[in-house]
Amino acid sequence: MSCCKEKKLIRSCCEDISFISDINKILPTQETLVDISNVFKALADPTRAKILYALIDYEICVGEMTNLLQIPQSHVSHQLRILKKYGIVDFEKDKKMSFYFIKDEYIKELLKLILKEKK
């Protein structure tokens with residue numbers, strides 16, 4: 001049980017009082033649900049999770065990420081491509097270097113919250 005007083009949940013039942021219309025009004029759109037599930041897919045891999053934690057306060061190039069993670073550059077590049085495909089990270093070119101960063105603040109906040117809860 002949590003330390004805070006829990007809110008009483010509303011009971012919805014097909015054989016009694018149904019709140020389906022109310023529930024449908026608050027459900028996220030399909031696009032939003034896909035975005036959310038992509039974040040959790042990304043976090044399902046420990047290497048990608050570590051990359052994201054490293055990117056909370058930094059823009060990092062692939063070579064530096066390779067040094068940080070101590071894994072081959074091809075593996076780092078592969079994981080960054082997946083994170084980019086999921087729409088979680090992006091990069092900015094500076095001369096010949098690509099600097100990766102987390103695109104949305106809410107992802108940083110989610111990562112911080114998860115870590116805070118684990119401590």
Side-chain angles (χ1 to χ4, degrees):
M1 185 164 236
S2 70
C3 66
C4 304
K5 191 173 184 178
E6 291 188 34
K7 179 182 172 187
K8 179 90 168 122
L9 297 175
I10 300 167
R11 187 171 279 183
S12 183
C13 179
C14 62
E15 294 180 3
D16 194 8
I17 300 172
S18 175
F19 291 94
I20 287 180
S21 62
D22 295 337
I23 295 167
N24 273 323
K25 290 175 190 171
I26 63 167
L27 287 177
T29 65
Q30 185 64 25
E31 182 180 331
T32 300
L33 290 169
V34 168
D35 290 345
I36 291 168
S37 68
N38 284 340
V39 171
F40 287 101
K41 286 178 190 175
L43 292 173
D45 180 89
T47 300
R48 289 193 298 267
K50 194 170 186 179
I51 288 170
L52 290 173
Y53 276 107
L55 292 173
I56 286 177
D57 293 319
Y58 297 91
E59 291 182 345
I60 305 174
C61 72
V62 176
E64 186 78 338
M65 189 64 76
T66 299
N67 293 337
L68 176 69
L69 299 176
Q70 297 293 298
I71 59 176
Q73 183 172 338
S74 60
H75 189 61
V76 171
S77 294
H78 174 73
Q79 297 302 335
L80 287 168
R81 272 193 306 278
I82 291 170
L83 291 169
K84 184 158 177 16
K85 179 185 87 171
Y86 287 151
I88 297 170
V89 302
D90 207 350
F91 66 91
E92 187 175 287
K93 288 267 193 194
D94 186 3
K95 298 179 182 135
K96 65 178 185 162
M97 305 300 287
S98 295
F99 288 86
Y100 284 82
F101 58 91
I102 295 174
K103 286 173 54 175
D104 296 306
E105 192 62 32
Y106 83 90
I107 294 172
K108 293 179 181 183
E109 294 305 315
L110 175 65
L111 290 166
K112 291 175 186 177
L113 179 64
I114 293 168
L115 192 59
K116 179 181 168 187
E117 292 298 319
K118 292 301 290 176
K119 286 186 176 182

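Please read all numbers here as calculations on a predicted model, not as lab measurements.
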Report yes or no: does [X] contribute a side-chain atom to a donor-acceptor pair with the main-chain N or O of [Y] at less than 3.5 Å?
X      : Y     : value
Asp45  : Thr47 : yes
Lys108 : Ile56 : yes
Ser18  : Cys14 : no
Arg48  : Gln79 : no

Following the transitive rule for hydrophobic clusters with a side-chain heavy-atom cut-off under 4.5 Å over Ile, Leu, Val, Met, Phe, Trp and Tyr, establish whether [X] and [Y] coincide in one cluster.
X      : Y      : answer
Leu68  : Leu115 : yes
Leu43  : Tyr106 : yes
Phe101 : Leu80  : no
Leu55  : Ile114 : yes

Rounded at 0.5 Å granularity, tell me how far [atom1] in [X] sits from [atom2] in [Y].
X      : Y      : atom1 : atom2 : result
Phe19  : Lys25  : CZ    : NZ    : 11.5 Å
Asn38  : Ile107 : CG    : CD1   : 9.5 Å
Met65  : Tyr100 : CE    : OH    : 10.0 Å
Ser12  : Ile23  : OG    : CD1   : 4.0 Å
Leu83  : Lys41  : CG    : NZ    : 13.0 Å
Lys116 : Leu113 : NZ    : CG    : 7.0 Å

Practice problem: Would you check if the distance from the ring center of Phe91 to the ring center of Phe99 is below 6.0 Å? | Solution: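 Here the rings of Phe99 and Phe91 have centres that are no less than 6.0 Å from each other.
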
Quiz item: Does a donor on one side chain sit under 3.5 Å from an acceptor on the other, for Ser74 and Ser77?
Solution: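 The criterion, which ignores hydrogens and geometry beyond distance, is not satisfied for Ser77 and Ser74.
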
